[in-house]
Amino acid sequence: MLHEYLTAAIPQMIERGRVLTASIPRSLPRDYDALRVICKQEVDEIIYNLQVLQSIIGDDFGSEHLRMFKRLVSDMDTIETVGIAALNRTSSDDHQLNILIGKIAREIQYPRLIPTVTTLSQSYFCIYPSLNLLCIPLLEGRFLLHLPDLYHELAHPFFKEKNDPILEPFQIKYMDAIVEVLSHFENEKTKAELRRGPRYLCDLLHIWQKSWIKFWVEEFFCDLYGVYTLGSAFVWSHLHLAIKRGSDPYEVSSRVTSHPCDNARMSLMIYALCLNGFQEMAEQIQQKWSEFLEQISAQPEPEYHRCYPTNLIEIVAEYALDAVKNIQARIATPATQDPIHILLTQAWEEFWQNPSRYVDWEKQATEKLLAECDR
């Protein structure tokens, strides 16, 4: 049955790939050239692999061939629904955001190919490193308070690059942080076993260690790239996100999770602000965050500090500062005067100092910014 199915399904998927290639727009601005090339190359590779699979299908390895086919279908789906969809649904907002991301990249001395931006995200900011495509919600480019999260997403591709001498110093510091995490939790597990403590604690330590190594260190480094290249506006933006969309700020999960809890992220970023010379601003943000935690009656559970030890958070912040410096990024300081940096910082000053007039101020500031991105 599988042989007959694949005999028909593989050529049909190959034809789908050819139609996808033909659907790539040829008349977009040069900002989309990189995404067009990547999509074409990815589709070509999938078609080639489908052709190889077509030449070897047989009854003897039907289940294995089906698994291979499913992987290729999944890859083709991503190209179609994300990459080529972004190319086919470009808007004036997309064009302006691509100019904006270019301005940001030049300000912070971004060390790699600038991602293409699309307003196709159905949730929040995210990036597809394989496509070099950064997705944001439809209207996000018309407001200022969450734009700092662009800086976080810009850092994610750093971890995927290979054979790049410019990014290797960043990757080395990232691996140094991983080693610190591994050593910390191995020591904690050894102590728990020697004390003959409850088995569930050793299990939790293992889960937390896995979360840190697989996901959280990268997320922390991306947060810190935002703090070190933008400054306080990035931290205010995360406070905004945590209040609007966050859950328990002190959440300690009993399973592997992709993101650390909001209080751990805020603690990390506030410490990083102090490292970067923003002590006064760090105190202001800490005060607002503490007031928020008090007003929602948030309290850490006993295991919180085992999961997020302060010394480990501070070590990660220090390694990340070295990592960002080592790739020659422009480090934000209180004296930084770059236009986008100034605008995003000013937005948060206006938000807190003139809350009743903020909407009108933001509308005017955004219109001016987007007009400059039309030039």
Side-chain angles (χ1 to χ4, degrees), residues 17 24 30-50 52 67-68 71-72 74-80 82-84 86-87 98 101-102 104-106 108-118 125-135 150-183 209-226 228-229 256 258-259 316 318-331:
I24 297 174
R30 291 179 61 87
D31 294 333
Y32 299 90
D33 284 353
L35 180 59
R36 279 200 298 259
V37 170
I38 291 170
C39 287
K40 175 65 165 60
Q41 290 175 341
E42 291 288 326
V43 172
D44 285 346
E45 183 175 354
I46 293 168
I47 289 175
Y48 172 77
N49 289 329
L50 285 166
V52 170
R67 281 193 292 272
M68 294 168 64
R71 284 196 295 270
L72 294 170
S74 176
D75 292 343
M76 188 83 82
D77 286 346
T78 299
I79 301 298
E80 178 178 350
V82 180
I84 295 179
L87 290 170
N98 277 290
I101 201 75
I104 290 172
R106 287 188 290 275
I108 65 176
Q109 300 172 28
Y110 189 62
R112 64 180 298 278
L113 183 67
I114 301 169
T116 302
V117 181
T118 179
F125 289 63
C126 65
I127 193 165
Y128 292 83
S130 63
L131 298 175
N132 205 35
L133 180 64
L134 201 166
C135 304
L150 290 169
Y151 293 70
H152 173 105
E153 299 302 333
L154 283 171
H156 273 298
F158 294 172
F159 306 92
K160 311 296 182 184
E161 294 284 352
K162 297 179 180 179
N163 306 313
D164 187 337
I166 294 174
L167 286 173
E168 281 173 0
F170 184 97
Q171 294 166 342
I172 289 170
K173 286 298 178 180
Y174 166 71
M175 291 307 303
D176 288 344
I178 291 288
V179 171
E180 291 283 355
V181 169
L182 181 62
S183 176
Q209 180 185 51
K210 192 172 181 179
S211 293
W212 272 83
I213 291 173
K214 191 173 182 180
F215 297 111
W216 295 355
V217 177
E218 179 172 336
E219 291 299 327
F220 281 145
F221 263 59
C222 291
D223 284 342
L224 291 162
Y225 183 77
Y228 294 138
T229 58
V256 175
S258 61
H259 288 73
V316 169
E318 291 160 7
Y319 276 125
L321 179 57
D322 289 340
V324 177
K325 287 179 176 178
N326 288 348
I327 57 173
Q328 309 305 312
R330 192 273 283 125
I331 302 294

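- The two residues Leu133 and Gly83 come nearest to each other via the heavy atoms CD2-CA, 4.1 Å.
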Please step through side-chain contact (heavy atoms from CB on, under 4.5 Å) for the pair Ile104 and Leu154, ending with a clear verdict. CA-CA 10 Å; Ile104 290 172; Leu154 283 171; 4.2 Å; yes
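- For the atom pair CD1 (Ile327) and OH (Tyr225), the distance works out to 5.0 Å, reported to the nearest 0.5 Å.
- In this structure, Arg71 has no side-chain hydrogen bond (donor to acceptor under 3.5 Å, both in side chains) partners at least two apart in sequence or on a different chain.
- The two residues Pro111 and Leu167 have their closest heavy-atom pair at CG-CD2, 3.7 Å.
- Listed by chain and number, the residues in a side-chain contact (heavy atoms from CB on, under 4.5 Å) with Asp31 are Asn98, Ile99 (sequence neighbours excluded).
- A donor-acceptor pair under 3.5 Å is absent between the side-chain atoms of Ser183 and the main chain of Val179, judged by distance alone.
- A search for side-chain hydrogen bond (donor to acceptor under 3.5 Å, both in side chains) contacts involving Trp212 returns nothing, not counting sequence neighbours.
- The two atoms that bring Pro157 and Ile127 nearest to each other are CG-CD1, 3.7 Å, heavy atoms only.
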Show, in sequence, the C-alpha distance, side-chain angles and deciding distance for Thr118 and Leu87, and conclude whether the side-chain contact (heavy atoms from CB on, under 4.5 Å) test is met. CA-CA 8 Å; Thr118 179; Leu87 290 170; over 6 Å; no
Quick one: side chains of residues 170-177, donor-acceptor pairs under 3.5 Å with protein atoms, not counting sequence neighbours, listed by atom name and distance.
unit_1	atom_1	unit_2	atom_2	d
Gln171	NE2	Phe158	O	2.8
Gln171	NE2	Glu161	O	2.9

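- Sorted by first then second residue, the side chain to side chain donor-acceptor pair (under 3.5 Å) pairs that include residues 318-331, not counting sequence neighbours, are Glu180-Tyr319, Tyr271-Glu318, Arg330-Asp338.
- Atom CG of Leu50 is separated from atom CE of Met68 by 9.5 Å, given to the nearest 0.5 angstrom.
- Of the residues listed (Asp75, Ile38, Ile84), the one engaging Val43 in a side chain to side chain contact (heavy atoms under 4.5 Å, CB included) is Ile84, and it is the only one.
- Here the CG atom belonging to Leu134 is positioned 11.5 Å from the CG atom belonging to Leu35, to the nearest 0.5 angstrom.
- In Phe125, the CZ atom is crowded: over 12 heavy atoms of neighbouring residues, nucleotides or ligands sit closer than 6.0 Å.
- Listed by first and then second residue, the side chain to side chain donor-acceptor pair (under 3.5 Å) pairs that reach into residues 39-50 are Lys40-Asp44, sequence neighbours excluded.
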